[in-house]
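Written out below as structure tokens is the structure these notes cover.
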Number of protein chains: 2
Amino acid sequence: MTSTDGNIKMQAPKVSIKPTNCHDCRMSALCLPLAMEYGDLDRLDKVIQRTKPLHKNQSVFYSGDTFSSVYAIRSGSIKAYCVSDDGTEQVTGFYLPGEIFGWDGIADDTHKNTAVALETTAVCEIPFNKFEELSASIPTLQRHFMQLMAREITSDQQLITLLGKNSAEERIASLLLSISGRLGRRKLSPTRFRLPMSRADIGNYLGLTVETVSRVFSRFQASGYIKCDKKEVEILNLSSLSNLVQTCAEA
Amino acid sequence: MTSTDGNIKMQAPKVSIKPTNCHDCRMSALCLPLAMEYGDLDRLDKVIQRTKPLHKNQSVFYSGDTFSSVYAIRSGSIKAYCVSDDGTEQVTGFYLPGEIFGWDGIADDTHKNTAVALETTAVCEIPFNKFEELSASIPTLQRHFMQLMAREITSDQQLITLLGKNSAEERIASLLLSISGRLGRRKLSPTRFRLPMSRADIGNYLGLTVETVSRVFSRFQASGYIKCDKKEVEILNLSSLSNLVQTCAEA
DNA sequence: TCATCTCCATGATGTAGATCAATTCTCTGT
DNA sequence: ACAGAGAATTGATCTACATCATGGAGATGA
């Protein structure tokens with residue numbers, strides 16, 4: 001039983017629509033189909049809802065909620081987790097700017113995960129029924145969406161490999177590299193960043209205890225692989241970290 | 001480095017079309033949209049290709065192959081796995097009759113996994129480009145497909161929880177119950193069945209060694225939870241097994 | 001400003017499951 | 001029918017990580 005339950009129950013306000021649109025959003029090239037024409041982008045823009053930024057610990061949706069939308073992150077970060085019968089939580093993913101989450105509800109119209117903001121976070125809501133109508137007439141949109149889902153599958157399977165076979169050091173190196181790579185793709189610094197999640201969340205996600213996570217961070221620092229002060233991380237030796245990780249061979 | 005590489009390299013013959021169709025297939029209600037009208041089923045039937053049954057250890061596709069289809073199992077069983085840089089393999093899933101596999105290629109048109117028959121197995125090939133055309137005009141098909149993908153995501157995430165948090169006994173109980181449930185849904189016996197995969201495959205999948213798998217099977221047998229002779233398994237005490245497993249709470 | 005809380009770090013000890021090793025059993029092919 | 005290889009079981013030992021325990025450093029709030 002974790003002690004965070006109290007905090008995460010606060011309600012997320014769903015309020016005013018900000019005067020932004022998909023054209024202005026610097027993420028659109030990433031979270032939306034690259035191949036989409038501008039006329040189509042306008043149509044998509046009309047269905048996407050932008051909500052007020054979430055505070056830390058506010059939820060986007062809860063496990064058990066009826067599925068109606070998927071969400072794209074404009075800024076901030078999201079943790080997805082589910083809670084088992086005995087109350088223990090399992091973190092299933094961290095999502096960074098430009099990434100999409102909420103697929104877990106499509107299977108039977110019910111969210112399996114709870115999604116909570118790890119810091120002040122702005123998300124775009126993409127109503128799924130509207131999206132389905134749209135994608136019938138915009139074929140690239142449909143395919144793009146499936147690709148995003150498939151990417152979720154591949155990344156889940158990589159995590160499975162990580163949890164099944166790899167040591168604590170390998171798991172943490174892998175997470176650091178994953179975050180680094182994802183930030184890099186968003187034109188953010190891949191070597192200096194702030195981890196939005198706690199050591200406990202990292203441990204939970206990677207199947208390790210807080211203590212082990214902490215020790216590995218210390219060891220990485222002692223080895224000169226990284227420099228870190230609390231959540232602030234600088235990767236000093238990317239190749240050493242890479243050498244620790246065994247990724248599934250790309251073809 | 002595993003020693004099975006030799007076997008799995010044999011080529012799968014892609015040969016004659018059997019005179020079956022989706023109407024006759026007793027699986028169609030499961031692998032295809034329930035809501036689909038018969039006219040639509042005919043159209044789908046025309047694109048689906050049925051191949052000669054695969055022998056044990058023959059592959060449907062290899063990691064690195066260009067993605068062009070997903071596959072439904074009519075009979076038999078499939079193991080999906082990927083190989084990391086150092087040659088070790090990671091089993092990412094087992095697929096039973098009525099189930100669909102091959103999503104892993106949608107993300108970037110390249111299969112991440114290799115799919116191999118665990119026994120003599122018959123599969124239906126569903127060419128993805130044809131399917132995409134179809135699903136634009138059959139909305140239920142599109143949604144059904146996304147639901148199948150989402151189910152893959154949910155089941156992967158359950159496995160993540162299992163690997164991150166659960167003991168050897170819990171993992172194996174969970175696998176047995178999963179297989180039992182999936183067979184039951186297909187109107188096959190949920191209490192007496194033959195495990196198509198080896199102990200090594202089970203261990204690989206669950207992040208355990210063969211020895212541990214073997215010991216847990218012995219312990220389960222000693223406790224009277226199951227009776228098993230090699231791959232033949234009978235579940236004697238379903239509730240005891242269920243009690244071992246902590247599933248993510250359904251809403 | 002002080003009290004409380006959460007997060008993080010680090011040391012000491014325990015244990016589940018890995019590893020190593022040996023034996024039997026079961027397929028496969030000739 | 002037999003030889004050889006792979007699959008499974010069981011025992012003995014080892015180790016990476018969990019667990020338990022303590023202390024400090026930042027936050028948060030009255």
Side-chain angles (χ1 to χ4, degrees), chain A residues 1-8 10 55-57 79 88 91 116 118-120 162-173 194-222 226-233 244, chain B residues 1-8 10 55-58 79 88-89 91 116 118-120 162-173 194-222 226-233 244:
Chain A
M1 186 77 74
T2 57
S3 53
T4 54
D5 289 336
N7 287 338
I8 59 180
M10 47 170 75
H55 293 143
K56 185 173 176 177
N57 293 331
K79 166 179 89 168
T88 58
V91 176
V116 63
L118 289 168
E119 59 195 313
T120 304
L162 205 62
L163 294 177
K165 299 246 175 323
N166 296 31
S167 69
E169 296 204 349
E170 290 165 335
R171 294 182 206 189
I172 290 176
R194 190 187 136 82
L195 292 172
M197 71 295 278
S198 70
R199 300 281 193 271
D201 285 335
I202 293 177
N204 187 308
Y205 178 66
L206 296 175
L208 302 168
T209 55
V210 205
E211 295 94 326
T212 303
V213 174
S214 189
R215 275 185 252 268
V216 171
F217 270 91
S218 301
R219 243 179 289 154
F220 279 178
Q221 197 157 215
I226 62 172
K227 194 158 86 70
C228 75
D229 175 40
K230 289 224 22 142
K231 305 199 162 173
E232 220 61 51
V233 174
L244 281 177
Chain B
M1 186 78 73
T2 57
S3 53
T4 54
D5 292 75
N7 287 338
I8 59 179
M10 48 171 70
H55 293 143
K56 185 175 174 175
N57 292 331
Q58 284 183 322
K79 167 179 88 168
T88 58
E89 55 178 74
V91 176
V116 63
L118 289 168
E119 59 196 313
T120 305
L162 205 64
L163 294 177
K165 299 247 176 320
N166 296 36
S167 68
E169 296 203 348
E170 290 166 335
R171 294 183 205 189
I172 289 175
R194 192 187 135 82
L195 291 172
M197 72 295 279
S198 70
R199 299 283 192 268
D201 284 336
I202 293 177
N204 187 309
Y205 179 64
L206 296 175
L208 303 167
T209 55
V210 205
E211 294 93 325
T212 302
V213 175
S214 189
R215 275 184 251 268
V216 171
F217 269 92
S218 301
R219 244 179 287 157
F220 279 177
Q221 196 156 216
I226 63 171
K227 195 157 84 71
C228 76
D229 175 40
K230 285 230 18 146
K231 305 197 163 176
E232 221 61 50
V233 173
L244 281 177

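These numbers come from a predicted model, not from an experiment. Proteins come first, then strands; the chains are lettered A, B, ... in the order of their sequence lines, and each starts at number 1.
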Does B:Lys231 pair with B:Glu119 as a salt bridge, N-O distance under 4.0 Å? no
B:Thr212 side chain near C:dA16 phosphate (N/O to OP1/OP2, under 4.0 Å): no
N/O (side chain, B:Thr209) to phosphate O (OP1/OP2, C:dT19) under 4.0 Å: no
How long is the line joining [atom1] of [X] and [atom2] of [N], in whole Å?
X: A:Ile172; N: D:dC17; atom1: CD1; atom2: P; answer: 9 Å
X: A:Leu244; N: D:dA16; atom1: CG; atom2: P; answer: 14 Å
X: B:Asn57; N: D:dA5; atom1: CG; atom2: P; answer: 18 Å
X: B:Leu118; N: C:dC27; atom1: CG; atom2: P; answer: 16 Å
X: B:Leu208; N: D:dT9; atom1: CG; atom2: P; answer: 14 Å
X: B:Glu232; N: C:dC25; atom1: CD; atom2: C1'; answer: 16 Å
X: B:Asp229; N: D:dA8; atom1: CG; atom2: C1'; answer: 11 Å
X: B:Lys231; N: C:dT26; atom1: NZ; atom2: P; answer: 13 Å

Checking the side chain of [X] only, and the main-chain atoms of [Y] only, is there a donor and an acceptor separated by less than 3.5 Å?
X: B:Gln221; Y: B:Cys228; result: yes
X: B:Gln58; Y: B:His55; result: yes
X: A:Glu170; Y: A:Ser167; result: yes
X: B:Asn204; Y: B:Glu89; result: yes
X: B:Arg199; Y: B:Thr212; result: no

Both A:Ser167 and A:Lys230 contact DNA chain D. Which one's nearest nucleotide lies toward the 5' end? A:Ser167
So, under a plain 3.5 Å distance rule, would you say the side chain of [X] forms a donor-acceptor pair with the base of [N]?
X: B:Arg215; N: D:dG11; answer: yes
X: A:Glu211; N: D:dC17; answer: no
X: B:Arg219; N: D:dT10; answer: no

Quick note, A:Ser214 side chain, CB onward, closest among D:dT9, C:dA9, C:dG17 is C:dA9
Supply the atom-to-atom distance A:Leu118 CG to A:Arg194 CZ, rounded to the nearest 0.5 angstrom. 10.0 Å
Counting any heavy atom closer than 4.0 Å, what does A:Lys165 reach on the DNA or RNA strands: base, sugar-phosphate only, or nothing? nothing
So, with a heavy-atom separation below 4.0 Å from DNA chain C, the residues of residues 195-203 of chain B are none
